[in-house]
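Input: a single structure, listed below in structure tokens.
Keep in mind that this is a model prediction, so the values were computed, not measured. Counting starts at 1 for both ligands and their atoms, following the listed order.
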Amino acid sequence: MTDINKLARPNIRQLKPYQSARSLMQGGQYIFLDANENPYGDGLNRYPDPYQQELKNRISSIKGVPASKIVLGNGSDEIIDMLMRSFTIPETENVIVHVPGFSMYAVLAETHGAGVREVSLDENFQPKLEHLWQQVATNTKLAFFCTPNNPTGNQLKPEVIEEFARQFHGLVIVDEAYIDFSEQASFIEKITVLPNIVVLQTFSKAWGMAGARLGMGFMDEEVAAIINKVKTPYNVNTLTIREALRRTQNLHEMQHQVNTIVKERKRVEAELKNLRAVLRVYPSDANFVLVKFRNVAQVMDFTRKEGIILRDRSNLPGCENTIRITIGTTEENNSLLKVLKKYDKQQTINNKA
Ligand SMILES: *Cc1c(COP(=O)(O)O)cnc(C)c1O
């Protein structure tokens, strides 16, 4: 089994986390003259709780994970960044990412100076153990799996990720940004059995809080303790904490939106399949679909002129001639379908001429 503490960078292992005078206090009424804050205000005048205890307790009750196994960040991006900085020695160690996949892992690895080893998903966008083992070296510290995967939309086979995690000496990061739109079981329940698994989720998608920047990491306490050493003390701000506490009082609203989006995705998928311009609609478990078109450049141009912005993914290996389409409101989806039908019609006329 992985020795978590040995995995951390030696200089991080020796770090003592920043302690605010306040984090030593528990309960009670105090006069706070320790942090040079302005004494007047409605709470925003004070620094936030560095460990976000109240919000972690709420998330703990929703997810069934002890608060000690939760790390919150300024978006999942920040948690990924903290993982890079805690576990990889720049210019020396590396991480594994999948292609096609989410590009932030490589961006954050390279910013930190860690090497990036790309592993191709197979023709069904599934990870392959033999491809993974070809890339793993003794200086490989992290391996990223995104499921459901962005930009392909499919879930990765959980048995492959689990098998890999059992054998791999480093940390396996399972990014579940789109899990709420999927039927798949979360890897959260695996973190007690396999302490080298770190699960990432976010308030940016299903919870509709992309602008507030709030990411969640679920992990073994030892991994959490290491990340807490490198994290800046006030990484999640008071406004975001308040809003997340407010929204998480009521799970129904989020679930209702998710159900609507999933229903809309199925409708959009079916309609897209009827278009002449569309060659393939890839199966999705997320709030977007990857679509293969006959002529991506033309479709991007046409939809943009009609005021609709889509994401061209053609330049990603394995995603040639594809566009990623986010599922919007019913009205927005109708507008998109109307524009694509108009494009189809124009193409038919052009072909006849
Ligand atoms: C959207 C997304 C996230 C969320 O990132 P935040 O920093 O929490 O907004 C994470 N991973 C993937 C693959 C995503 O597509």
Side-chain angles (χ1 to χ4, degrees), residues 52 55-56 59 63 70-85 95-109 111-112 116 118-119 121 125 127 142-156 161 171-182 184 186-188 197-219 227 231-232 235-237 239-241 243-244 247-248 254 257-258 261 265 282 284-290 309-313 316 318-319 322-328:
Q52 308 101 15
L55 182 53
K56 279 183 188 166
I59 294 168
K63 302 286 177 182
I70 301 174
V71 167
L72 301 179
N74 183 24
S76 340
D77 287 351
E78 194 199 16
I79 304 180
I80 298 166
D81 188 50
M82 294 190 290
L83 285 162
M84 296 289 175
R85 289 190 289 125
V95 307
I96 289 210
V97 304
H98 283 93
V99 285
F102 188 46
S103 53
M104 270 317 278
Y105 313 135
V107 169
L108 292 169
T111 309
H112 172 62
V116 175
E118 292 189 341
V119 176
L121 296 172
F125 296 138
L142 309 174
F144 288 87
F145 293 82
C146 182
T147 180
N149 188 36
N150 179 5
T152 59
N154 62 299
Q155 56 184 68
L156 307 186
I161 300 174
L171 293 185
V172 171
I173 322 298
V174 183
D175 186 344
E176 296 185 335
Y178 300 98
I179 188 82
D180 300 291
F181 303 99
S182 161
Q184 88 184 70
S186 170
F187 265 82
I188 285 183
I197 289 186
V198 173
V199 177
L200 301 180
Q201 294 187 5
T202 179
F203 278 79
S204 295
K205 308 288 156 64
W207 283 104
M209 282 177 55
R213 313 303 302 125
L214 183 59
M216 299 171 269
F218 304 93
M219 62 200 79
I227 292 187
K231 108 178 176 53
T232 56
N235 64 324
V236 180
N237 71 76
L239 292 173
T240 297
I241 292 173
E243 183 61 12
R247 296 222 189 179
T248 48
M254 181 275 265
Q257 286 178 3
V258 165
I261 292 167
R265 185 193 73 217
Y282 291 90
S284 170
D285 277 293
N287 65 339
F288 59 84
V289 270
L290 188 72
I309 309 300
L310 306 173
R311 189 79 158 125
D312 184 349
R313 298 283 68 187
L316 295 187
C319 294
T322 62
I323 297 175
R324 192 189 66 195
I325 303 177
T326 305
I327 303 303

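Atom CG in Asn150 sits 8.0 Å away from atom OG in Ser103 (nearest 0.5 Å).
If you number the atoms of ligand 1 from 1 as listed, the ones under 4.0 Å from a heavy atom of Ala177 come out as 2 (C), 3 (C), 10 (C), 11 (N), 12 (C), 14 (C). Less than 4.0 angstrom separates some heavy atom of Arg213 from each of these atoms of ligand 1: 6 (P), 7 (O), 9 (O). Taking a cut-off of under 4.0 Å to the non-hydrogen atoms of Ser204, the atoms of ligand 1 that pass are 6 (P), 8 (O), 9 (O). Using a 4.0 Å cut-off to heavy atoms of Cys146, the atoms of ligand 1 that qualify are 13 (C).
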Start with the C-alpha gap between Arg311 and Thr326, add the side-chain angles, then the distance that decides, and say whether side-chain contact (heavy atoms from CB on, under 4.5 Å) holds.
CA-CA 8 Å; Arg311 189 79 158 125; Thr326 305; over 6 Å; no

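For an aromatic pair to be called close, the ring centres must be under 6.0 Å apart, and Phe125 with Tyr282 satisfies this. Between Phe218 and Phe187, the distance separating the two ring centers is not shorter than 6.0 angstrom.
Under 4.0 angstrom from ligand 1, there are no non-hydrogen atoms of Phe203. Residue contacts with ligand 1, taken as heavy atom pairs separated by less than 4.0 Å, involve Lys205 solely via side-chain atoms from C-beta onward. The side chain of Asn150, and not its backbone, has at least one atom closer than 4.0 Å to an atom of ligand 1 (non-hydrogen atoms only; side chain from C-beta on). Under 4.0 Å from ligand 1, not a single heavy atom of Met104 appears.
Atom 15 (O) of ligand 1 has as its closest protein heavy atom Tyr178 OH, 2.6 Å.
Remark: side-chain polar atoms of His98 are not paired, donor with acceptor, to backbone N or O of Pro127 under 3.5 angstrom. Of the possible donor and acceptor atoms, none in the side chain of Ser284 sits under 3.5 Å from a partner among the backbone N and O of Val289.
Ionic pairing of Asp312 and Arg324 is not present here: no N-O contact between side-chain nitrogen and carboxylate oxygen is shorter than 4.0 angstrom.
Of the options Ser76, Ala210, Pro151, the smallest heavy-atom separation from atom 6 (P) of ligand 1 is shown by Ser76. Nearest residue to atom 10 (C) of ligand 1 from Ile79, Leu214, Asn287, Asp175 is Asp175 (criterion: closest heavy atom).
By the 3.5 Å distance cut-off applied to N or O atoms, Thr202 is counted among the residues near ligand 1.
Tested against Glu176 for a side-chain hydrogen bond (donor to acceptor under 3.5 Å, both in side chains), the candidates Ser186, Ser182, Ser76 yield a single pass: Ser186.
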